[in-house]
Amino acid sequence: MTALFASAAWADEAPMQPDAATSPYQVLVFWASWCGRCDTVLKDMETLQSDDALSGAAIKAVNLGDGASAREALARKGGDRLQLVVDGQALADRLQVKALPWVVVVNQSGEPVYEPSRQAPPSQVARYVQMDLSLRL
């Protein structure tokens, strides 16, 4: 397990590394229960995950809010099928998350390869991720 992901607390204790058989990339969606702008991004990412539109790239919902109610908050925001990182503060610090929502595509080494949050409004982030990964995969 890479150092980048070693400190993340997972709701379901699943490993943080991507499945090399499906995709060498992961999409990390940083969010919090109090973030209204996060709803659109989480719902759009949920749709991409459900449609398998990212060629097997895993989408992780990285919580930066109250960990105790993170699963319920994620379900209310429309991302209940995404894999949840309950306490993502160390990961957010490592990736220098600047605002919420924040989306980062990382490679197998845990290094950022694309940050659409820097270029796109929340309503377009999922489309940017899908286009970027379609070129990479």
Side-chain angles (χ1 to χ4, degrees):
M1 190 175 302
T2 64
L4 172 65
F5 300 124
S7 62
W10 289 89
D12 56 7
E13 301 302 322
M16 183 63 171
Q17 291 180 318
D19 180 356
T22 57
S23 174
Y25 300 101
Q26 289 186 77
V27 180
L28 306 177
V29 181
F30 292 88
W31 67 284
S33 60
W34 47 262
C35 172
R37 292 171 34 109
C38 296
D39 296 13
T40 299
V41 173
L42 288 167
K43 287 175 187 170
D44 291 347
M45 291 297 178
E46 168 89 11
T47 300
L48 290 179
Q49 184 81 40
S50 297
D51 295 346
D52 197 26
L54 299 181
S55 300
I59 303 174
K60 316 291 186 186
V62 184
N63 180 35
L64 297 179
D66 180 17
S69 60
R71 175 62 60 200
E72 294 81 23
L74 186 59
R76 280 193 312 275
K77 290 184 170 292
D80 57 334
R81 297 171 91 193
L82 302 177
Q83 191 171 10
L84 174 65
V85 178
V86 176
D87 180 9
Q89 190 59 56
L91 190 55
D93 293 344
R94 161 71 168 76
L95 294 173
Q96 300 176 355
V97 171
K98 310 260 187 272
L100 294 180
W102 194 265
V103 177
V104 181
V105 177
V106 297
N107 63 18
Q108 284 183 315
S109 300
E111 295 303 317
V113 295
Y114 183 57
E115 294 183 65
S117 298
R118 294 184 186 274
Q119 294 113 357
S123 62
Q124 295 296 312
V125 168
R127 173 183 274 167
Y128 279 47
V129 168
Q130 186 175 14
M131 288 188 303
D132 179 72
L133 287 176
S134 68
L135 295 172
R136 292 176 189 277
L137 297 172

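For this chain, numbers begin at 1 and follow the sequence in order.
- The minimum heavy-atom distance linking Ser134 with Met131 is given by the pair OG-O, 2.8 Å.
- Here the shortest heavy-atom pairing between Ala70 and Asn63 reads CB-ND2, 3.2 Å.
- For the pair Trp31 and Leu64, the minimum side-chain heavy-atom distance is 4.5 Å or more.
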Inset, instruction - Evaluate side chain to side chain contact (heavy atoms under 4.5 Å, CB included) for Phe30 paired with Val62, printing each intermediate quantity in order. - result: CA-CA 5 Å; Phe30 292 88; Val62 184; 3.3 Å; yes

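- You'll find the side chain of Glu115 stays beyond 4.5 Å of the side chain of Leu95, heavy atoms only.
- Nearest heavy-atom pair across Tyr25 and Asn107 is CD2-CA, 3.9 Å.
- When every heavy atom of Arg71 is checked against every heavy atom of Leu84, the shortest pair comes out as NH2-CB, 3.3 Å.
- From Arg136, atom CZ reaches atom OG of Ser55 across 13.0 Å, with rounding to the nearest 0.5 Å.
- Without hydrogens or angle criteria, Lys98 side chain to Ser117 main chain gives no donor-acceptor distance under 3.5 Å.
- Put simply, the side chain of Gln49 gets close to the backbone of Ile59: a donor and an acceptor are under 3.5 Å apart.
- Residues in residues 23-38 take part in no salt bridge (charged side-chain N to carboxylate O under 4.0 Å, His left out) pair, two or more places apart or across chains.
- Across Pro122 and Thr40, no two heavy atoms sit closer than the pair O-CG2, 4.0 Å.
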Legend entry - Trace of the salt bridge (Lys or Arg N to Asp or Glu O under 4.0 Å) decision for Asp39 with Lys43: CA-CA 6 Å; Asp39 296 13; Lys43 287 175 187 170; 5.0 Å; no

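- Residue pairs satisfying the salt bridge (charged side-chain N to carboxylate O under 4.0 Å, His left out) criterion with at least one member in residues 45-56, sequence neighbours excluded, are listed as follows: Glu46-Arg81.
- With rounding to the nearest 0.5 angstrom, the CE atom of Met45 is 9.5 Å from the CD atom of Gln130.
- Under the rule for a side-chain hydrogen bond (donor to acceptor under 3.5 Å, both in side chains), Asp80 has no partner lying at least two apart in sequence or in another chain.
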Inset, instruction - Determine, step by step, whether Tyr128 and Val103 satisfy the side chain to side chain contact (heavy atoms under 4.5 Å, CB included) criterion, reporting the C-alpha distance in whole Å, the side-chain angles of both residues, the deciding distance to 0.1 Å, and the verdict. - result: CA-CA 10 Å; Tyr128 279 47; Val103 177; over 6 Å; no

Legend entry - side chain to side chain contact (heavy atoms under 4.5 Å, CB included) between Leu74 and Leu42, intermediate numbers included: CA-CA 8 Å; Leu74 186 59; Leu42 288 167; 3.9 Å; yes

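- Side-chain atoms of Leu133 and Tyr114, non-hydrogen and from C-beta on, never get closer than 4.5 Å to each other.
- In plain terms, the two heavy atoms of Pro101 and Val41 that are nearest each other are CG-CG2, 3.7 Å.
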